[in-house]
Trainee: 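Please find one structure pasted underneath; my questions will follow.
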Amino acid sequence: MESKPLKLVFGADHGGVQLKTCLVEEAKALGLDVIDVGVNEPSSVDYPDVAKRALQVWREQGGSARVVLCCGSGVGMAIVANRTPGARAVNCSDVYTATMSRKHNDANVLTLGGRVVGNGLAIEIFRAWVSTEFEKGRHEGRVAKIDA
Ligand code: RB5
């Protein structure tokens with residue numbers, strides 16, 4: 001039986017909109033299921049508004065959906081996401097951190113800085129993050145302790 005494609009909720013502020021457009025294209029090319037909550041133009045918006053909208057949509061999806069958020073640095077989006085119950089956000093600018101955040105932390109939110117990483121590196125980070133599974137085992141108890 002074929003498994004369903006990973007569902008990703010994308011969001012960006014003006015600092016991350018160009019990078020989000022690039023990653024949405026990449027996700028579609030990989031056959032992933034995309035929900036894009038915007039923004040899609042460069043005018044200034046407040047990143048907490050976008051992050052909260054994306055995380056609300058993610059909550060409504062339930063199950064194994066994940067979130068990808070882009071702002072200028074990736075920092076603001078990660079701070080907002082990590083205040084959301086059940087969300088484990090990682091701000092990545094390297095492939096190793098992206099991979100380990102999945103293997104050991106079961107990170108379900110990836111944030112990236114459109115003013116930090118170029119499209120090529122961001123795509124490598126993104127590919128690693130969407131394709132790496134949580135290792136479970138000893139890491140399950142540790143992740144459970146985050147919310148305990
Ligand atoms: C917007 O200028 C910038 O502050 C925002 O994109 C983000 O980097 C915040 O963390």
Side-chain angles (χ1 to χ4, degrees), residues 5-135 139-140 142-148:
L6 176 63
K7 186 174 283 186
L8 293 173
V9 182
F10 282 87
D13 76 353
H14 53 287
V17 62
Q18 180 273 336
L19 181 55
K20 174 174 72 64
T21 302
C22 163
L23 294 179
V24 163
E25 272 177 30
E26 177 66 17
K28 288 179 178 170
L30 291 172
L32 305 179
D33 198 351
V34 169
I35 300 175
D36 185 354
V37 304
V39 297
N40 289 303
E41 66 287 316
S43 42
S44 185
V45 292
D46 296 337
Y47 63 83
D49 296 338
V50 180
K52 288 178 183 181
R53 187 158 74 234
L55 288 153
Q56 176 63 37
V57 170
W58 169 71
R59 262 197 303 269
E60 289 162 6
Q61 293 302 312
S64 58
R66 294 189 227 157
V67 182
V68 179
L69 298 171
C70 303
C71 61
S73 62
V75 174
M77 291 296 199
I79 292 171
V80 177
N82 276 323
R83 291 185 174 200
T84 305
R88 292 177 297 278
V90 60
N91 181 21
C92 282
S93 50
D94 68 276
V95 174
Y96 178 80
T97 304
T99 302
M100 296 312 292
S101 79
R102 289 291 309 139
K103 284 187 177 180
H104 286 193
N105 313 105
D106 198 16
N108 49 15
V109 181
L110 172 66
T111 76
L112 296 137
R115 298 169 186 159
V116 180
V117 290
N119 287 358
L121 176 56
I123 287 172
E124 293 301 317
I125 291 168
F126 174 77
R127 283 189 190 147
W129 192 77
V130 295
S131 64
T132 304
E133 294 300 324
F134 181 39
E135 277 182 358
H139 302 293
E140 265 180 317
R142 293 169 184 169
V143 169
K145 283 186 178 185
I146 295 170
D147 292 322

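When reading the values below, keep in mind they use all heavy atoms of this one structure, side chains included, and skip hydrogens, waters and symmetry mates. Numbering of ligands and ligand atoms starts at 1, following listing order. A quick note: this is a predicted structure, and the numbers were derived from the prediction, not measured.
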Trainee: At their closest point, which heavy atom of D94 faces which heavy atom of I125, and how far apart are they?
Mentor: N-CD1, 3.5 Å
Trainee: Polar pairs, ligand 1 vs protein, N/O only, below 3.5 Å.
Mentor:
from	atom 1	to	atom 2	distance (Å)
ligand 1	2 (O)	R115	NH1	3.2
ligand 1	6 (O)	D13	OD1	3.4
ligand 1	6 (O)	D13	OD2	2.6
ligand 1	6 (O)	G72	N	2.7
ligand 1	8 (O)	G72	N	3.2
ligand 1	8 (O)	S73	N	2.9
ligand 1	8 (O)	S73	OG	3.1
ligand 1	10 (O)	S73	OG	3.4
ligand 1	10 (O)	G76	N	2.8

Trainee: Ignoring hydrogens and angles, tell me if any N or O in the side chain of K20 forms a donor-acceptor pair with the backbone of N40 under 3.5 Å.
Mentor: no
Trainee: Heavy atoms only: give me the nearest M77-C71 pair and the separation to one decimal.
Mentor: CG-SG, 3.5 Å
Trainee: In plain terms, say whether E25 and K28 are close enough for a salt bridge, that is, a side-chain N and a carboxylate O under 4.0 Å apart.
Mentor: no
Trainee: Per the side-chain contact (heavy atoms from CB on, under 4.5 Å) rule, which among N119, V68, L19 passes with F126?
Mentor: V68
Trainee: Could you verify whether a donor N or O on one side chain and an acceptor N or O on the other, from R59 and Q56, lie under 3.5 Å apart?
Mentor: yes
